[in-house]
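To keep things clear, I will list the structure first and then write my remarks on it.
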Amino acid sequence: MRSLRAALCALAALCVGARADIQTRNCSAVRDAVAARGFSFADAPLHEIPGEHLRICSQEKTCCSSEMEDSFGHQSKTVFENMFDGISEDLRTTFMSRHKRFDEFFLELLDNTERSLNEMFVRTYGKPYMQNAEVFQNLFAELKRYYTGGNVNLEEMLNDFWTRLLERMFQLLNSQYSITEDYLECINKYMDQLKPFGDVPRKLKSQVTRAFIAARTFVQGLMVGREVANRVSKVNLTPACIRALTKMLYCPYCQGMASEKPCRNYCLNVVKGCLANQADLDPEWTQYIDAMLLVTDRLEGPFNIESVMEPIDVKISEAIMNMQDNSVQISHRVFQGCGQPKASGMARPARGISDAFSGRFRPYGPDERRTTAAGTSLDRLRIVWRTMQHSVIDIKEKLKSSKKFWSSLPLGMCLGEDVTASESSDDDCWNGHAKGRYFPEVLKDGLTHQANNPEVGVDITRPDTLIRQQIMALRVITNKLRNAYNGNDIYFQDSSDEGSGSGSGSGCSESCVPETEPTPTETLVVEAGRGEEQASSAHAHSSSLVLLILLFSALAVRSHWR
């Protein structure tokens, strides 16, 4: 009996010793593992100790001290923020670079057009043009101010331009009379009735406004996407999230399992809880991307500058010729409505008006190529626009790939095998308590679905204010993009009033409220396709520039005849 008892005691002693050796080896492996991760703990236990001092990890036997757990908590926050920053970096870079590229190309297009106009007019008209150069400078300044977010009404600006042209042309055609400012004001009242330039002003106004609206709204859409991505990438982790991350990433160490990785579904629930508010961006983000893609279709197709540049000079020539050919009838109707002006005492020029204009604005034949400064400038503009078209195509592909970005974040962060265990190890991974299978189901995305998150305590009654602001910003720009697709402008606050600095700005803060509720994208596609005039909105932004170039040449001719 004594010999049996002695044998049992000896066996028990051997078992306890073996268990102590295992515990020592486990904690030793933990020390090595955390040291390899850059931690240095002087008080790291050499063997398991009671875990009553721990606040996050298991309070049973542990290989962690309080200092270790605290450091793990700080490191969990850093690791998650770095992971989130890394996975969203491509999105932020895409919007930043594409916004910058499109903005630079468009402004270069405006600058090149103004430069080309100046070169051609100085060579062709010399001093008469230079005496009126500020008119051109003001014109391009207004076009640029509109594009960069200024409060400019394009339709009114172009109406004013045609009105000024009518005044100058009328004075040129009736130089034997003294035309006062009051008389010119009277003439303007008959602009719609007279239609001195035929139907060209109406058509070109439609083309110009639609193109500039699309370009401005598109670049501002890119800017809003960039700002949303930048602001949301600065994730604000709650204490509950940090606790859950610490438990998932580092508590295995405290239980002597230095090599165990979290189960994938476990990771998904933790990240869904931590990024619950970010996932709520997804519906508005998807609608925003769809609206941006609609506008890229406009910029790729009907607003293609190359397809509308060739006939513009012919149209403008027709407009000026129309007023020239009908000058007698137009003058007669003006005299009937405004009275006969007083004679100026100056004889009418011996050279006919027809000679002056037919030489300058003769339509080109279909096979003719321009070899003047204007032709060279046109080639230069085409190069810029083609580069811009390639940029639009590139942006379109990037936009498509960014759909569902915010709701796909948890999967993107948990999918890598360097983060979680592989699918084949579902029964052999860290489930938050031990090594084994993770049984809770994976929750759906978004704040409202996190009420019963088994890993992260989420207060679904308190949405993140910053995220709500970005949702509103997306809603506002989506509404404007949809309107721009249909050729409708929405008021943009003058960015200069906000001290926003240089570059294109949306002119709208996060507090902006949509003026109308956004309509479904599918409905817009149907509505936007109605009518040839909407489809012909192609002849847009570049059309306006060439239009204004050639029209103002009439003013230079008029100055020359003085």
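When a residue number appears, it is its place in the shown sequence, counting from 1.
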Other residues, nucleotides, ligands: >12 heavy atoms within 6.0 Å of Asn452 CG: no

Minimal non-hydrogen separation, Thr62 against Pro50, with atom names: CG2-O, 4.0 Å

Salt bridge present between Asp282 and Lys403 (N-O < 4.0 angstrom): no

Distance in Å, Glu284 CD paired with Ile477 CD1, rounded so as to fall on 0.5 Å steps: 12.5 Å

Positive for ring-ring contact (aromatic ring centres under 6.0 Å, His included) with Tyr147, one of Phe212, Phe102, Phe106: Phe106

More than 12 heavy atoms from other groups under 6.0 Å of CG on Asn236: no

Pairing of Asp489 and Lys480 as salt bridge, 4.0 angstrom limit: no

SB check Arg92 Glu89 (cutoff 4.0 Å): no

Exercise: identify the closest heavy-atom pair between Thr148 and Leu107: CG2-CD2, 4.3 Å

Pairs flagged by ring-ring contact (aromatic ring centres under 6.0 Å, His included) wherever residues 50-71 is involved - sequence neighbours left out: none

Donor-acceptor pair, side chain of Arg145 and main chain of Val152, under 3.5 angstrom: no

Modelled atom types, side-chain donor and acceptor of Gln450 and Asn453, under 3.5 Å: yes

Check: Arg475 main-chain N/O paired with Asn479 side-chain donor or acceptor under 3.5 Å: no

With Glu67 via salt bridge (Lys or Arg N to Asp or Glu O under 4.0 Å) - residues at least two apart: none

Below 3.5 Å, can you tabulate the donor-acceptor pairs from side chains in residues 239-246 to any protein atom, sequence neighbours excluded?
unit_1, atom_1, unit_2, atom_2, d
Arg243, NH2, Arg55, O, 3.2
Thr246, OG1, Ser76, OG, 3.3
Thr246, OG1, Ile242, O, 2.8

Side chain to side chain contact (heavy atoms under 4.5 Å, CB included) involving Cys263 - partner list, sequence neighbours excluded: Tyr266, Cys429, Asn431, Tyr438

Geometric cation-pi criterion Arg298 and Tyr485, 6.0 Å radius, 45° cone: yes

Side chain to side chain contact (heavy atoms under 4.5 Å, CB included) partners of Lys234, counting only residues at least two apart: none

Pairwise side-chain contact, Thr296 with Leu399, heavy-atom cut-off 4.5 Å (strictly under): yes

Counterpart residues, ring-ring contact (aromatic ring centres under 6.0 Å, His included), relative to Phe95 (two or more places apart): Trp285

Separation between CD of Glu227 and CD of Gln220, rounded to the nearest 0.5 Å: 12.5 Å

